[in-house]
There are 2 protein chains.
Amino acid sequence: MKRGPQRSLNPEAVLDAALELMDAGGLTMRALAARVGLTPGALYTYFPDRAAIVVALADRLLGEADVGLLEDGDREPHERITAFALNLRQVLMRHPAAMPSILGAAFSGPVAARVGESLLIALPDPRASYTVMVYVLGAVALEAAELDAAGPVPPEDERIAARRAAFTVDPALFPRTHAAADAIAAYISTEQFRWGLERLLSSL
Amino acid sequence: MKRGPQRSLNPEAVLDAALELMDAGGLTMRALAARVGLTPGALYTYFPDRAAIVVALADRLLGEADVGLLEDGDREPHERITAFALNLRQVLMRHPAAMPSILGAAFSGPVAARVGESLLIALPDPRASYTVMVYVLGAVALEAAELDAAGPVPPEDERIAARRAAFTVDPALFPRTHAAADAIAAYISTEQFRWGLERLLSSL
DNA sequence: ACCTGAACACCGTTCAAGT
DNA sequence: ACCTGAACACCGTTCAAGT
């Protein structure tokens, strides 16, 4: 749905373009200006600086997660948290290049407060809530880190196969690592994510 | 131990200077060259590009953690892992500005293999090992993210007090968050880190 | 208020030329 | 092999001037 330079421009339209550029591997003020049909300097009418754009983008992405999953009264709390964690991981992995921004800005924005509150509904102990958030964001950060900045995200099974093929260690030096090669290749799998989350939740 | 331009320069000396610049909040090839008494172009004799310097730096930092803590046969596995996790957190928090690089490159370097192998000694199930690593790196990433890029890291109690003072949410909209303000301010505390880790380990 | 055009003070990287 | 000097192709941000 490319539209070229907009007739009437608003901050949301600028963010749309910024996200596309970030996904494509390079968000610069100059590229962003060109994308929305503006001169670089004109962007400063909409945002004070580049950092503000990145923060707004992070908050918007976090907002795409479905916090309603946490508040579904018909399901067990652990079930709700698992559903939300899987959903959040999926949402964030649609834009892996934005993950560093999420980590850098996640809990300052208005949407972060909404996520935190909903999490406390399902998991009233704040220490437990934060531990879950640490796990989810940590797992996604490590998963996103090994993706090419540019280009679409390959299917999970392809990424695992690529990890397995590329994996080599000296069996003499690292025997346990060598023996665990299959499991290590699958570190980024949904199954691993779910396994760790289940372990964690079972003690919270 | 400032020495100015070196007589004989090696890659390690370049990395020393690079780490200082990263801690100071800005690692650029030009600043790095000036720091070691070189012209920017000369750096490409030591490293192929800036990314290679960052990766080497990340691996070096990870190497400062004491993997021996994981292999101490006299102590319980969970005790060893706790000691190592606290040590790794401490080591990484000495250079918070390098944390994005750690996340971005942590498991490609040679030192990462050593850490992984040692972790498998204390925690033989690779899925469990990875879950611990996700927790530690996730917690440190979130803690490091809210620090100023430049300048030294303030003491933990000061950082918690600052978080508490800055914390405000609408009690009507976010009642649980409002009630948990003290615990939320302490999310970055050693106590919270230890609490989450203990919960996690108790089920692994 | 919104935007242009032009400038300022930077970047990373390359490369002929020197030693 | 190591390094300089100079250039190339970029950056983010500011600001007078226009509408």
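In what follows, every chain begins at residue 1, and chains take the letters A, B, ... in the order their sequences are listed.
As a whole-Å value, the separation of A:Met29 CE from C:dT4 P is 14 Å. At whole-Å resolution of the value, CZ in B:Arg30 and P in D:dC10 are 15 Å apart. Rounded to whole Å, atom C1' of D:dT13 lies 12 Å from atom CD1 of A:Ile53. If you take CG of A:Asn10 and P of C:dA1, they are 18 Å apart, rounded to a whole angstrom. Following rounding to the nearest Å, A:Leu32 (CG) and D:dG12 (C1') show an atom-to-atom distance of 12 Å. Rounded to whole Å, the distance from CG on B:Leu43 to P on D:dG5 is 15 Å. In this structure, B:Leu27 places its CG atom 12 Å from C1' of C:dC11, rounding to the nearest Å.
The side chain of A:Ala42 sits closest to C:dC3 out of D:dC11, C:dC3, D:dC3. Distances from the side chain of B:Thr45 to the nucleotides D:dT13, D:dC3, C:dG12 place D:dC3 closest. In this structure, of C:dT13, C:dC2, D:dG12, it is C:dT13 that holds the atom nearest to the side chain of B:Tyr44. The side chain of A:Leu38 has C:dT4 as its nearest neighbour among C:dT4, D:dC3, D:dG12. Distance from the side chain of A:Pro40 is smallest to D:dT13 among C:dG12, D:dT13, D:dC3.
In this structure, A:Ser118 contributes its side chain and A:Leu70 its backbone to no donor-acceptor pair below 3.5 Å. Here the side chain of A:Arg35 pairs no donor or acceptor atom with the backbone of A:Ala17 at under 3.5 angstrom. Under a 3.5 Å cut-off, the side chain of A:Tyr187 and the backbone N or O of B:Pro126 do form a donor-acceptor pair.
Nucleic acid contact for A:Thr39: base, since at least one base atom lies under 4.0 Å from a heavy atom of the residue. B:Tyr46 comes within 4.0 angstrom of the backbone, heavy atoms only, and of no base.
In this entry D:dT19 has C:dA1 as its Watson-Crick or G-U wobble partner, both defining distances falling under 3.5 Å. In a base pair of the Watson-Crick type (N1 to N3 plus N6-O4 or O6-N4) or a G-U wobble (N1-O2 and O6-N3), with each distance short of 3.5 Å, D:dT14 is matched with C:dA6.
Spacing between D:dA9 and C:dA9 at atom P, rounded to whole Å, works out to 22 Å.
A cation-pi contact links A:Arg89 to A:Phe193, judged by a cut-off of 6.0 Å to the six-membered ring centre and 45° from its axis.
For an aromatic pair to be called close, the ring centres must be under 6.0 Å apart, and B:Tyr135 with A:Tyr135 fails this.
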